[in-house]
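First the structure, in the form of structure tokens, and then the observations on it.
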Protein chains: 2
Amino acid sequence: MNRHIDILEAVKAQGLRLTPQRMIILSAIADGEGHMNVDEVYERAKQAYPYMDIATVYRTLHLFKRLGLVTEVGMGDRLHYELTDPNARHHHMACQVCSEAFAFSPSYLDEFRRRLVNEFDFEPDLDHFTITGVCSGCRETRP
Amino acid sequence: MNRHIDILEAVKAQGLRLTPQRMIILSAIADGEGHMNVDEVYERAKQAYPYMDIATVYRTLHLFKRLGLVTEVGMGDRLHYELTDPNARHHHMACQVCSEAFAFSPSYLDEFRRRLVNEFDFEPDLDHFTITGVCSGCRETRP
DNA sequence: CTAAGTGCAAAGATTTTGCCTCCTA
DNA sequence: TAGGAGGCAAAATCTTTGCACTTAG
């Protein structure tokens, strides 16, 4: 994926080093579908490089976040990470019953955002946040 | 507050015991303004009862949550708790810069909810969730 | 009385840090 | 080769759990 190369070039441009570990961690996040927590990134990265250290994953994730390459998403009591992709912004809704997470378009929140800005002068980061609820599949108590 | 008495009666009604610790923890949450994390509840409760144990706080918070007396709010990577109050539902917006949290009315999300239900058959729990952003006070980079 | 609840301490789980070695630029 | 980065292990947090003692009902 060419985008990743650009991203990694951005790392170098910061005077930082482009190490195999960083490339592997980036791929791990990119290959995983959607957001994943630190363990998931770690496990996936280990498949490509068995010596991967969990501390390296934490440090790299923090770095990537600082560089804006990945986005941190609060999922309950754990943080999840996903590739920052301006062309595929979305939001998450997670089912409280089956824990499945779904995505929906940002346009659903356009009006909401407008009101927060206008009425509170609060600039929301609506690109990555999560709401919970119950998905259609888990709704036994209704037809 | 009479509401709390009702709440605690509800505890007894479940065949559970109304202990001083539980009353103190409930007061701690009620007295604190808005949501607080486990430590904050613990510290506050300790002021009323110095022997309070952190394990008791965790157990009690889980119990209260199970009973629907308190609501769990995901704030970044920690869970926060607040009194469940059907008459004062609200949402949170937390400033990424100063960490200050503000509240806004649920009506802001009415249209959004309607679309999730209609188009995805997803029933969102919009009563307690958090969005992040930058508050007006922390916006130096703009007029 | 007696089962539920608490306190205490230990174990788990998750995240961060120090330090020495290795490797990218 | 020099400073950034990784590996390893220890420490720091945060949360849960086992068990004996206490206590509400």
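Just so you know, these numbers come straight off a predicted model, no measurement behind them. What you see below is based on every heavy atom in this structure, not just the backbone, and it leaves out hydrogens, waters and symmetry mates. In what follows, every chain begins at residue 1, and chains take the letters A, B, ... in the order their sequences are listed.
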d(CG, B/D53; P, C/dA10) in whole Å: 13 Å

Of all the choices, D/dA5, C/dT17, D/dG25, which nucleotide is nearest to the side chain of B/L18 once you look at every atom? D/dG25

Could one point to a donor on the side chain of A/R22 or the base of D/dG4 with an acceptor on the other under 3.5 Å away? no

Between B/E111 and B/R114, is a salt bridge (charged side-chain N to carboxylate O under 4.0 Å, His left out) present by the stated rule, with each step listed? CA-CA 5 Å; B/E111 188 217 330; B/R114 195 163 45 243; 5.6 Å; no

Quick one: label A/R78 by what it contacts on the DNA or RNA (base, sugar-phosphate, nothing), any heavy atom closer than 4.0 Å. sugar-phosphate

What integer distance in Å separates B/Y58:OH from C/dG7:P? 16 Å

Aromatic ring pairing A/F104/B/F112, orientation class (parallel under 30°, perpendicular over 60°, tilted between): tilted

Whichever of A/T60 and B/H62 has the more 5' nearest nucleotide on DNA chain D, that residue is A/T60

CG of A/L79 versus C1' of D/dT13: gap in Å, rounded? 14 Å

Just to confirm, is there a sub-4.0 Å distance from OP1 or OP2 of C/dG7 to any side-chain nitrogen or oxygen of B/Q21? yes

Any N or O donor-acceptor pair linking the side chain of B/R59 to the base of C/dG7 at under 3.5 Å? yes

What integer distance in Å separates B/E43:CD from D/dC14:P? 11 Å

Across the strands shown, which category fits A/Y49 at heavy-atom distances under 4.0 angstrom: base, sugar-phosphate, nothing? sugar-phosphate

Roughly, in whole Å, what's the span from OH in A/Y42 to P in C/dT16? 16 Å

Protein-nucleotide distance (A/I25, atom CD1; D/dG7, atom C1'), rounded to Å: 13 Å

Rounded to whole angstrom units, what separation is found between the CD1 atom of A/I54 and the C1' atom of D/dA9? 14 Å

Which label fits B/Y49 and B/Y51: parallel for a plane angle under 30°, tilted from 30 to 60°, or perpendicular past 60°? perpendicular

Measure CZ/A/R17 against C1'/D/dG6 and give the value in whole Å, please. 11 Å

Report the residue (B/T56 or A/D77) whose heavy-atom-nearest nucleotide on DNA chain C is the more 5′ of the two. B/T56

